[in-house]
Amino acid sequence: MIAHLLQPFQLSADQQLQQDRLSAAPNMAQTGALRVLMVTPRYFPHMGGVENHVYQVARRLAHAGVDITVLSTDPSRQLPAQEKLAGVNVQRIHAWPAERDYYFAPDLYRVIRTGRWDIVHLQSYHTLVAPMTMHAAWQAKIPYVVTFHGGGHSSPWRNRMRATQHTLLRPLLARAERLVAVANFEVSHYSKRLRLGRERFVVIPNGCDLPSTPPATSAGPGTLILSVGRLEHYKGHQRILAALPYILPHYPDAHLRIVGEGPYRAELLAQATALGLQDRVEIGGIPATERTQMAATLSSAALVTLLSDFETHPIAALEALALKRPVLATDTSGLRELAQRKLLRAIPLNSTPQGVAAAVIEQLRNPLTPAKLDLPTWDECARELLMLYRSCIGRF
């Protein structure tokens with residue numbers, strides 16, 4: 001059976017993403033499809049690191065024969081309550097309040113306790129979805145696993161509450177079959193915070209593979225600098241934007257593209273206007289389903305920046321590195337882990353705009369681009385999750 005699990009998932013081309021892949025893998029045919037409920041606060045059409053992670057692994061698990069449902073919330077009540085995307089059952093339930101990211105969703109209990117799931121996988125612990133999901137699974141005697149997706153938040157108050165949140169969640173996290181970290185530093189961090197043994201954790205990194213041969217594109221508008229990530233204050237887009245006036249004397253053709261969507265868009269546009277840079281700055285996201293477009297955009301960049309307050313296992317940085325683009329990041333969290341491996345250059349989080357500009361100029365003139373990379377793929381990520389599920393419930 002394990003040999004079947006180790007076979008390649010073989011899910012790649014963009015045009016395949018629109019097809020439902022429901023044929024069962026040989027191991028599924030013998031024992032019946034594994035029923036997995038993957039719970040996450042937000043899912044497509046919303047975009048972000050967790051949403052992309054869930055999309056990438058869920059569709060691959062569906063292709064491998066898993067009967068998988070993604071359960072998410074919809075505070076707007078504007079999205080379909082049920083649909084199927086790339087072979088994945090998607091179910092959305094209402095959450096309150098509509099204007100905040102607390103995601104209080106009482107229907108979680110009903111869905112979890114009546115669905116006859118083999119295992120529940122909670123993706124992200126930051127909102128009220130987390131305790132409600134874990135409590136419902138525990139009450140229903142359904143084994144569950146949790147992936148933290150550490151991340152940061154634009155609210156200083158929310159960041160200060162993290163330690164209290166960990167304390168409150170500890171009894172439920174301690175009952176999880178496994179706690180999944182996407183980077184090595186998370187194991188030490190959460191093991192200490194939660195006072196749980198390291199053996200309770202497993203590291204399954206995000207994938208970082210994109211189409212290897214993106215279509216030919218122009219080199220972009222001069223020296224293209226990308227800043228990639230959801231439009232939130234903690235993602236640090238404002239840092240590279242503030243540095244741009246100090247970069248232009250050295251690179252008069254420099255152009256900044258901020259790749260992302262989110263609530264901080266208006267502030268970034270206002271900052272660009274105040275600096276007189278509106279003609280030098282472009283802001284807009286690329287849907288996570290458009291992998292070829294993302295690969296082409298990254299490939300056309302002279303430099304990719306991630307100047308975040310906090311990143312767990314930064315997919316954008318890894319994707320850029322996989323395409324041999326130089327990366328500049330802040331020396332913090334999971335980004336520091338990549339810098340220590342000499343995969344990218346890092347600068348202090350409190351760098352001035354002039355300091356950021358100096359680092360950008362150095363990385364443009366003498367780019368650090370690792371010659372040899374051994375980076376994880378989404379196929380590997382999905383395969384390891386499938387093996388984890390089966391080990392948790394004793395089905396091989």
Side-chain angles (χ1 to χ4, degrees), residues 47 208 210-231 235-262 264-287 290-308 314-330 335 338 343-347 351-371:
M47 292 189 295
C208 61
L210 285 164
S212 57
T213 55
T217 60
S218 65
T223 302
L224 178 62
I225 300 170
L226 297 183
S227 183
V228 185
R230 181 166 163 76
L231 304 186
K235 287 291 188 178
H237 299 296
Q238 68 278 4
R239 296 184 174 112
I240 185 64
L241 189 48
L244 190 55
Y246 303 99
I247 298 170
L248 288 172
H250 301 270
Y251 287 89
D253 63 347
H255 180 89
L256 173 63
R257 179 170 180 186
I258 299 174
V259 183
E261 298 287 350
Y264 200 52
R265 180 187 180 91
E267 287 84 348
L268 292 170
L269 288 171
Q271 182 183 3
T273 300
L275 293 170
L277 297 173
Q278 55 267 42
D279 294 334
R280 298 277 189 164
V281 178
E282 178 184 358
I283 302 176
I286 297 174
E290 300 297 330
R291 307 300 286 160
T292 298
Q293 184 182 351
M294 188 65 184
T297 301
L298 287 171
S299 296
S300 67
L303 177 66
V304 177
T305 65
L306 286 93
L307 304 181
S308 304
I315 296 174
L318 294 169
E319 290 176 341
L321 292 169
L323 294 171
K324 301 187 183 305
R325 307 320 302 149
V327 176
L328 179 70
T330 40
L335 294 167
L338 298 181
L343 299 180
L344 52 78
R345 283 199 173 104
I347 58 175
S351 295
T352 63
Q354 295 91 328
V356 173
V360 167
I361 293 165
E362 175 62 22
Q363 187 68 320
L364 288 171
R365 289 177 176 169
N366 302 294
L368 172 64
T369 51

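Sequential numbering from 1 along the given sequence is applied to the chain's residues.
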| query | Is Val327 close to Leu338 at the side-chain level, that is, under 4.5 Å between some pair of heavy atoms? | reply | no

| said: For the OG1 atom of Thr369 and the CG atom of Leu344, what is their distance to the nearest 0.5 Å? | reply: 12.0 Å

| Is it true that a side-chain atom of Thr297 and a backbone atom of Gln293 form a donor plus acceptor pair closer than 3.5 Å? | yes

| task | Begin with the C-alpha distance, continue with both residues' side-chain angles, and end with the deciding distance and a verdict on side chain to side chain contact (heavy atoms under 4.5 Å, CB included) for Val228 and Met294. | result | CA-CA 11 Å; Val228 185; Met294 188 65 184; 3.8 Å; yes

| task | Under the side chain to side chain contact (heavy atoms under 4.5 Å, CB included) rule, collect the residues that match up with Pro353, sequence neighbours excluded. | result | Ala242, Tyr246

| remark: Residues at least two apart in sequence or cross-chain that pass side-chain hydrogen bond (donor to acceptor under 3.5 Å, both in side chains) with Thr305, listed by chain then number, are none

| note | Quick note, side chain to side chain donor-acceptor pair (under 3.5 Å) partners involving residues 317-329, not counting sequence neighbours, are Arg291-Glu319

| task | Kindly write out the residues that satisfy side-chain hydrogen bond (donor to acceptor under 3.5 Å, both in side chains) with Glu362, not counting sequence neighbours, or none if the list is empty. | result | Asn366

| task | State, yes or no, whether a side-chain contact exists between Leu306 and Thr330 at a heavy-atom distance under 4.5 Å. | result | no

| request: Report the residues that fulfil side-chain hydrogen bond (donor to acceptor under 3.5 Å, both in side chains) with Arg345, sequence neighbours left out, ordered by chain and then residue number. | output: Gln363

| query | Do the side chains of Leu244 and Leu275 get nearer than 4.5 Å, heavy atoms only? | reply | no

| query | Atom CG of Leu328 and atom CD1 of Ile225: how far apart are they, to the nearest 0.5 Å? | reply | 9.5 Å

| Contacts of type salt bridge (charged side-chain N to carboxylate O under 4.0 Å, His left out), residue Arg280, not counting sequence neighbours | none

| task | Using side chain to side chain contact (heavy atoms under 4.5 Å, CB included) as the criterion, list what pairs up with Leu268, not counting sequence neighbours. | result | Leu231, His237, Gln238, Leu241, Ile258, Tyr264, Gln271, Ile283

| request: Under the side-chain hydrogen bond (donor to acceptor under 3.5 Å, both in side chains) rule, collect the residues that match up with Ser308, sequence neighbours excluded. | output: Glu311

